[in-house]
Amino acid sequence: MSKEESKVSEEIVDLEEPKKMTREDWRKKKELEEQRKLGNAPAEVDEEGKDINPHIPQYISSVPWYIDPSKRPTLRHQRPQEENQKQFAPIGDWYKRGVQEVISTKFRKGACENCGAMTHKKKDCLERPRKVGAKYSGSGMAPDEHQQIQLSMDYDGKRDRWNGYDPDEHMRIVEEYAKVDLAKRTLKAQKLQEELASGKLMDQANSRKHLDDDAAQDHSSEDEDDDKYVDDFDMPGQNFDSKRRITVRNLRIREDIAKYLRNLDPNSAYYDPKTRAMRENPYSNTGQNPEEVGYAGDNFVRYSGDTISMAQTQLFAWEAYEKGSEVHLQADPTKLELLHQSYKVKKDDFKEKQKESILEKYGGQEHLDAPPRELLLAQTEEYVEYSRHGAVLKGQEKAVACSKYEEDVLINNHTCIWGSYWKDGHWGYKCCHSMVKQSYCTGEAGKKVVVGIRCVSIVCYYVSKHLFCLICFMHQEKMKDKKKKKKSKKHRDSDSSDEEDEAKKKEKLKKALSAEEQRLKQVAEMMQFDERKRPYNSLKEVREPTEEEMEAFRMKRCRPDDPMASFLGQ
C-alpha cells in the first residue's frame with residue numbers, strides 16, 4: 001500500500017497548477033505575441049520544428065496544464081495521427097499476371113498428400129482423389145497456386161484508369177514502329193542503289209539542272225519524302241473512302257448571296273443554320289418561275305439539269321478509285337467520262353452475254369417474246385392527267401382493269417346478273433324481281449306476280465296488325481276490370497280488419513293499465529319498508545316493454561312540474 005500511495009503523491013505533484021506569472025512577465029508575453037502577429041518577431045516553433053501561426057488562439061495551440069504542464073504549445077493534435085490513419089497500397093503495387101508455375105519434382109514436407117501442392121492440405125484439395133497420393137508415389141506433383149496480394153486502395157486508386165498499367169507495353173509498341181521505320185529506310189536505300197545502277201536517277205538529275213542548288217541543299221530527306229506524296233492528295237469531298245471518313249462543311253463562295261438573305265419573309269423557306277441548307281424554294285411565295293430565279297432551293301438544284309448524271313459520274317469515280325484506278329472528276333474529267341462510257345458498254349455486253357448463256361442452258365425464249373404487259377392485262381402504270389371536265393391533258397386514258405372472276409355471266413334465261421336488284425334487305429334479279437338465286441327467269445309476268453304477292457302481303461300485314469291491336473285493347477280492358485274488383489275486395493277486408501285491430505288494441509291497453517296500477521301500488525308499498533328489509537329484484541324477468549305497456553306508463557306517469565299532479569289521487 002505504501003508504494004501505491006507514493007505513486008499517487010508523485011502524480012499529484014506532477015499535476016500541480018503552474019505558478020502565476022508576474023505582471024511584468026505577462027506584459028512581455030503579450031508584447032511578444034503582438035510582434036509575432038505583426039511579423040517583426042519569429043514565429044513560435046512546436047516540438048516537431050514547425051512554425052505555429054501566431055493568429056491561432058491560445059486555447060487551440062496550448063496544452064492543458066492537467067495533461068502535461070511541461071509541454072510547449074503545439075499543433076500536433078490538430079494534424080492527422082499516423083497511428084490512426086488507414087494504410088493504402090502504393091501506386092506501383094498490382095496483381096501479378098502471367099506467373100510462371102514452378103512444379104516440384106519430389107514431395108515436400110507439409111504439402112498436400114493428394115497432389116503435392118504447398119498451398120493447401122489434403123482436406124482442401126480440389127483435385128480428384130488419387131488412388132496413390134503424391135506423398136507415396138513421388139510423381140505427378142501439382143504446381144503451387146499463386147496467392148494474389150490483397151490491395152487496399154483509396155478513393156482515387158479505385159477510379160484510376162491507368163491502375164496496373166505497365167509502361168513497358170508502350171515501349172514495345174515504340175520499338176515495333178522503330179523497326180518498321182528502319183525497314184522502310186533500308187528498302188528506300190536499296191531502291192536508290194538500283195536506280196543508280198540502272199541510270200534512271202542520272203536522267204532525273206540532268207532534267208533538274210535549272211533548279212537552284214542552294215534550295216536543293218536546304219531540303220532534308222524527310223521533306224523530300226513529304227513532298228513526294230503531295231500529288232496523291234485529293235480535293236476535300238471528292239474521293240470518298242468508307243474506311244477513311246472525311247467530313248467537309250458545305251462552304252460557299254464569299255461573293256455569293258447567302259441563302260437566308262434571298263427572301264427576308266419569315267414565312268418563306270426554312271434555312272437550317274447547322275447544315276447551311278435551304279431545301280425549299282425561297283421565292284415560292286412571290287410567284288416567280290423557279291427556272292428564272294438565280295436560286296430555287298437545294299432540291300431544285302439537286303434534281304434538275306445534269307445533276308443526276310453528274311452524281312452518277314462522281315459515284316463511278318469513287319468506286320473506280322477504290323478499285324485502284326487513278327481518276328478524278330475535277331482533275332481529269334475527259335478521262336473519267338471516256339472510262340465511264342466504256343464501262344457502260346462493257347457492262348451491257350456482259351449482261352447480254354450472260355442472258356444468252358442462260359437461255360442456251362435453260363431455254364425460255366418464248367416467254368421473252370410475249371406481247372407487252374399492257375396488251376396482256378389491258379392496264380398500265382403510265383402517268384395520265386385529266387382536266388376538271390374529264391378530258392385527258394397528259395398521257396393516255398387508262399383502261400378499266402378487269403378482275404380475275406367471271407363477269408356478266410347470264411344463266412336460266414336471265415337478262416341481268418344476280419345482285420342487280422335489291423329490295424327490303426334482299427338481293428335478286430332485276431329482270432324478273434326474283435329473290436331466289438339460280439331461279440328461272442319469269443320476265444314481266446314474274447314482276448306482276450311479285451307485285452300482287454307484295455300487295456296481298458301488305459294487306460295481310462295491315463289486317464293482322466289491326467287484329468293484334470284489337471286483341472290487345474280487349475285484353476287491357478279485362479285486366480282493368482280485374483284490378484278494380486281486387487281493389488274493392490281488399491278495401492272491404494281492410495275495413496273489417498281495422499275494426500278488429502282497434503278492439504284488440506283497446507283490450508291490450510286495458511290489461512297494460514291494470515298491470516301498471518298494480519306495479520305502482522307495489523312500488524308504494526316497497527317504499528314504506530326500511531331499506532335494510534327491502535327485498536332484491538335481481539331474479540325478476542327483464543324484457544323489452546310492448547307498445548301497450550309504454551302507453552300505460554305514459555298515461556300513469558306523474559310529472560312533478562304538472563300543476564294538477566296533486567289532484568290525480570283524489
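Hydrogens, waters and symmetry mates are skipped; everything else that's a heavy atom, side chains included, is used.
- The one candidate from R27, K28, Q35 that meets the side-chain hydrogen bond (donor to acceptor under 3.5 Å, both in side chains) condition with E31 is R27.
- When all heavy atoms are compared, the tightest approach of S268 to N285 is CA-ND2, 3.9 Å.
- Applying the 6.0 Å contact sphere to CE of M153 captures more than 12 heavy atoms from other residues, nucleotides or ligands.
- Side-chain atoms of N53 do not come within 3.5 Å of backbone N or O of I56 as any donor-acceptor pair.
- Of all the heavy atoms in R36 and P42, the pair that sits closest is NE-O, 3.2 Å.
- To the nearest 0.5 angstrom, T286 atom OG1 is 12.0 Å from R262 atom CZ.
- Judged purely by atom type and a 3.5 angstrom limit, N263 uses its side chain to pair as donor or acceptor with the backbone of P282.
- Heavy atoms of other residues, nucleotides or ligands lying less than 6.0 angstrom from CG of L359 number more than 12.
- With sequence neighbours left out, the ring pair (Phe, Tyr, Trp, His ring centres under 6.0 Å) criterion links H340 to F316.
- In this structure, L126 places its CG atom where only 12 or fewer heavy-atom neighbours from other residues, nucleotides or ligands lie under 6.0 Å away.
- Of the possible polar contacts, one joining the T186 side chain to the L182 backbone as a donor-acceptor pair under 3.5 Å is found.
- Between D181 and R185 there is a salt bridge, since at least one side-chain N of the basic residue sits less than 4.0 Å from a carboxylate O of the acidic one.
- Taking CG of D25 as the start and NZ of K30 as the end, the distance is 13.5 Å to the nearest 0.5 Å.
- When all heavy atoms of A134 and G116 are compared, the pair lying nearest together is CB-N, 3.8 Å.
- Within 6.0 Å of atom CZ in F88, more than 12 heavy atoms from other residues, nucleotides or ligands are found, so the atom counts as buried in its surroundings.
- Rounded to the nearest 0.5 angstrom, L329 CG and L315 CG are separated by 11.5 Å.
- Atom NE2 of H55 has more than 12 neighbouring heavy atoms from other residues, nucleotides or ligands inside a 6.0 Å radius.
- Within the model, atoms CG of N163 and OH of Y95 stand 9.0 Å from one another, a figure rounded to the nearest 0.5 Å.
- Judged purely by atom type and a 3.5 angstrom limit, R159 uses its side chain to pair as donor or acceptor with the backbone of Y155.
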Residue pair M141, C115: steps toward the side-chain contact (heavy atoms from CB on, under 4.5 Å) verdict = CA-CA 6 Å; M141 299 292 176; C115 64; over 6 Å; no
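- The 12-atom threshold is not exceeded at CZ of R23, counting heavy atoms of other residues, nucleotides or ligands nearer than 6.0 Å.
- When every heavy atom of Y271 is checked against every heavy atom of P273, the shortest pair comes out as O-CD, 3.3 Å.
- E169 and R172 are joined by a salt bridge, as a carboxylate oxygen and a charged side-chain nitrogen come within less than 4.0 angstrom of each other.
- Residues Q365 and L368 are in side-chain contact: their nearest non-hydrogen atoms beyond the backbone lie under 4.5 Å apart.
- Side chains of Y295 and D298: a donor on one and an acceptor on the other come within 3.5 Å.
- The distance from the CD atom of Q288 to the CG atom of N281 is 8.5 Å, given to the nearest 0.5 Å.
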Report the C-alpha separation of E337 and Q341 in whole Å, then their side-chain angles, then the decisive distance to 0.1 Å, and conclude whether the side-chain contact (heavy atoms from CB on, under 4.5 Å) test is met.
-> CA-CA 6 Å; E337 187 65 25; Q341 290 179 1; 3.5 Å; yes
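- Counting heavy atoms of neighbouring residues, nucleotides and ligands inside a 6.0 Å radius, atom CD of E366 exceeds 12 of them.
- Proximity of a side-chain donor or acceptor of S104 to a complementary backbone N or O of K106 within less than 3.5 Å is detected.
- Under a 3.5 Å cut-off, the side chain of R279 and the backbone N or O of G297 do not form any donor-acceptor pair.
- In terms of modelled atom types and a separation under 3.5 Å, the side chain of D272 and the main chain of R276 share no donor-acceptor contact.
- Within a 6.0 Å radius of CD in Q85, other residues, nucleotides and ligands contribute more than 12 heavy atoms.
- Contact record, E326 with K335: O-NZ, 3.5 Å, taken as the closest heavy-atom pair.
- Applying the salt bridge (Lys or Arg N to Asp or Glu O under 4.0 Å) rule to pairs touching residues 127-141 yields E113-K135, E127-R130, sequence neighbours excluded.
- For the pair D332/V327, no side-chain contact is recorded, criterion being any heavy-atom separation below 4.5 Å from C-beta on.
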May I have the step-by-step check of side-chain contact (heavy atoms from CB on, under 4.5 Å) for V102 and D144, ending in yes or no?
-> CA-CA 7 Å; V102 180; D144 299 339; over 6 Å; no
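- Side-chain atoms of L75 and S61, non-hydrogen and from C-beta on, do get closer than 4.5 Å to each other.
- Side-chain N or O atoms of N299 include none that pairs as donor or acceptor with a backbone N or O of E280 at under 3.5 Å.
- Side-chain contact check for S152 versus Q87: every heavy-atom pair is 4.5 Å or farther apart.
- With rounding to the nearest 0.5 Å, the separation of CG in D124 from NZ in K121 is 9.5 Å.
- Each salt bridge (Lys or Arg N to Asp or Glu O under 4.0 Å) pair with one or both residues in residues 339-356, not counting sequence neighbours, would appear here, but there are none.
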